[in-house]
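A quick write-up on the structure given underneath.
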Amino acid sequence: MRLRPFGKARSSITSFGVNSTDTADKDYELRLREIVQAARIPSERKEVLLALKKEELLRDLVDTVGKRDQAGQDLQNVISVAMLSEGWDAKNVTHIMGLRAFTSQLLCEQVIGRGLRRVAYDMDDNGLYLPEFVNVFGVPLSIAMQPGDGGTSPPPPKPSTQIESLSARNVYEIKWPNILRVDQVVRPQLVVEWSKAAVLKIDPAAIAIRAEIAPALGGAADWSQVRAIDLELLPEEFRLQRLVFKAAQRAFELLQEQFKGQREYLLFQLVQLVEQFIASDKIDIPSLFHQDPLRKRILFSLHIDQITQHLMQYVVEQNTLRLEPVFDGERPIGSTRDMRTWYTTRIAEPTQRSQISHIVVDSGWEKYAANVAEAHPKVAAWAKNDHLGFSVLYLWNGSKRKYIPDFLVRYQSGKTLVLEIKGQDSPQDQAKRAALDQWVKAVNAHGGFGTWAWDVVVGDAAEMRDVVDRHASKQ
């Protein structure tokens, strides 16, 4: 299909032809609607487009040129009455023809630049990108080539495959944290020496939870005005969380001067330790009657100082190493949904359970791995890490480098596996895996991205199925 004409830019469409009574074509709107009717899009989308004014419809067509499942997906040629010096961008320009004379070298550079946007990223035997060509007609090329130097004719372009992230497959989206570095932070940690901790015995017989009182007149009790006080009638005063905070507060008063870390962190740890102590078998109440949760909480409340002092005898402070990830402030979360569309002339096969439309098969191992991920009953989604932007930084020979693992596999349990496939192992590969191991530990310690794991297949492609099975069975 061909769409013609439109103005210098989308914002300038109304100034060129469409709203101009001098040059407007009476059949122009009809032609636009024919394009919409012929487009391979859902009928509901066609109805929405046909209800637009011709100016809005033209803008929508121009905005979606070459975009799959959009109104302009089948448009192949766009003829402009102005320079391609601004406005929309096309990713796969192969021919540019100048239809009117101009002398500005700047405009000439801009026009040629429209055809110099790299589309494919195939490499030659030397690891360099293969050259791409654009045919330019009617534009003075003195700025790009010396007169008389025609060069060699470029080979015909190879068929290319468009690799894109499919919004219709958002159910197969895989997200990951973008981590700039992993810091090793040493923090003081309180621990209980449970093996040394003695059992605290609380005798209910020594404590009354119900009492009767009466006013005394002349030294004698007036039994006609006896009132009972039953602690069991005050359950709100003996909520477990309230008791835990009381005990933690008493312990905090004992340790706040000698603890080396932050006070807020100290109180947080004490609350956890008190909860663990109360829930453990280190408190003995030799009475079935007082095993009732409310009566037990009443006993804890009446012995709160004794519980605190007993626990603190076995609390020690030690330094622990904690891995803390430092996230990219501009883009903390990466996703397969954000991959930019790209093209390749290499072998690409369509996928089913991946948000990425195709997988570029660089080796038989990768094809086998993709087949395993596609067919495994416990794999919810997968993606080859190609143009996704997922990488792990590591040190090698004193410099920072990027390690790009081969696959991401998300299980139905929510666990995500970072998978690497290697035909051989080397010291540099070991450095990569050490950084990946630290990355996974830091992400799991953070706790905000679910469970992550990593593995590598070395030497035998048939091991791929065993690796996927092994991680599927682990929680």
Side-chain angles (χ1 to χ4, degrees), residues 68-69 161-179 325 327-328 331-342 344 346-392 403-422 433 436-437 439-444 446-457 461-475:
R68 185 174 298 179
D69 299 326
T161 303
Q162 178 174 300
I163 314 295
E164 60 182 334
S165 176
L166 302 176
S167 58
R169 295 190 191 175
N170 285 342
V171 67
Y172 300 125
E173 179 185 16
I174 298 179
K175 295 182 179 180
W176 61 87
N178 282 324
I179 297 177
F327 300 99
D328 187 338
R331 187 170 172 261
I333 306 295
S335 171
T336 53
R337 184 184 301 195
D338 300 331
M339 188 198 77
R340 298 185 63 180
T341 301
W342 57 286
T344 183
R346 292 176 289 169
I347 299 175
E349 296 185 356
T351 62
Q352 297 296 328
R353 294 161 66 180
S354 175
Q355 190 171 21
I356 309 305
S357 60
H358 296 75
I359 174 177
V360 178
V361 181
D362 292 323
S363 67
W365 285 34
E366 290 188 350
K367 183 176 181 180
Y368 181 79
N371 291 337
V372 170
E374 286 277 20
H376 199 283
K378 294 187 178 180
V379 171
W382 68 277
K384 182 182 176 183
N385 187 25
D386 194 358
H387 289 73
L388 295 184
F390 171 62
S391 62
V392 177
Y403 166 42
I404 302 177
D406 291 326
F407 287 91
L408 292 173
V409 180
R410 176 165 58 82
Y411 291 94
Q412 293 177 354
S413 63
K415 179 181 180 180
T416 305
L417 172 66
V418 183
L419 184 62
E420 177 74 11
I421 300 177
K422 284 291 182 183
R433 291 183 199 121
L436 178 58
D437 181 67
W439 186 95
V440 168
K441 289 179 179 178
V443 172
N444 288 334
H446 181 274
F449 301 94
T451 303
W452 284 71
W454 69 275
D455 214 322
V456 60
V457 178
E463 186 185 344
M464 173 71 185
R465 175 75 189 205
D466 297 334
V467 170
V468 176
D469 284 339
R470 181 167 64 250
H471 289 278
S473 60
K474 293 181 181 179
Q475 298 296 327

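Starting from 1, each residue takes its place in the sequence as its number.
Without hydrogens or angle criteria, E173 side chain to T336 main chain gives no donor-acceptor distance under 3.5 Å. Panel note: side chain T351, backbone I356; a donor-acceptor pair is recorded below 3.5 Å. Between the K415 side chain and the H471 main chain, a donor and an acceptor come within less than 3.5 Å of each other. With K175 contributing its side chain and I333 its backbone, the two residues share no donor-acceptor pair below 3.5 Å. Of the possible polar contacts, none joining the R169 side chain to the S357 backbone as a donor-acceptor pair under 3.5 Å is found. Between the side chain of E374 and the backbone N or O of Q352, at least one donor-acceptor pair lies under 3.5 Å. Side-chain atoms of E349 never come within 3.5 Å of backbone atoms of I359 as a donor-acceptor pair (strictly under, hydrogens ignored).
Salt bridge absent: R433 and E420 never bring a charged side-chain N and a carboxylate O closer than 4.0 Å. In this structure, K441 pairs ionically with D437, as a charged nitrogen and a carboxylate oxygen lie closer than 4.0 Å.
When all heavy atoms are compared, the tightest approach of K384 to L388 is O-CD1, 3.4 Å. Nearest approach of P325 to H446, heavy atoms of both residues: CG-CB, 4.1 Å. The two residues Q412 and P377 have their closest heavy-atom pair at NE2-O, 2.9 Å. Considering all non-hydrogen atoms of both residues, E366 and V360 come closest at OE1-O, 3.6 Å. Nearest approach of A348 to I163, heavy atoms of both residues: CB-CD1, 4.1 Å. Scanning all heavy atoms of the two residues, the minimum distance from K378 to A472 falls at CD-CB, 3.8 Å.
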Check against side-chain contact (heavy atoms from CB on, under 4.5 Å), M464 and V467: CA-CA 5 Å; M464 173 71 185; V467 170; 5.6 Å; no

Pair W382-S354, side-chain contact (heavy atoms from CB on, under 4.5 Å): steps then yes or no: CA-CA 5 Å; W382 68 277; S354 175; 4.0 Å; yes

Verdict with supporting geometry, I421 and V456, side-chain contact (heavy atoms from CB on, under 4.5 Å): CA-CA 6 Å; I421 300 177; V456 60; over 6 Å; no

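Here R470 contributes atom CZ and R465 contributes atom CZ; the two are 13.0 Å apart, rounded to the nearest 0.5 Å. Between the OG1 atom in T161 and the CH2 atom in W342 there is a gap of 9.5 Å [rounded to 0.5 Å]. The CG atom of D386 sits 7.0 Å away from atom CG of D362, with the distance rounded to the nearest 0.5 Å. Put simply, CD1 on I347 and NE2 on H358 are 13.0 Å apart, with the number rounded to the nearest 0.5 Å.
The shortest distance between side-chain heavy atoms of W439 and S391 does not fall below 4.5 Å. Counting only heavy atoms from C-beta outward, the side chains of I179 and F327 approach each other to under 4.5 Å. Side-chain contact between R340 and H387 is absent, with no heavy atoms from C-beta onward closer than 4.5 Å. Side chains of R337 and N170 form a contact here, defined as non-hydrogen atoms less than 4.5 Å apart.
Residues N178 and W176 bring a donor and an acceptor atom of their side chains to less than 3.5 Å of each other.
Ring geometry, H376 versus Y411: the interplanar angle exceeds 60°, so the pair is classed perpendicular (tilted spans 30 to 60°). A tilted orientation is assigned to the rings of F390 and W452, their planes being inclined by 30° to 60°.
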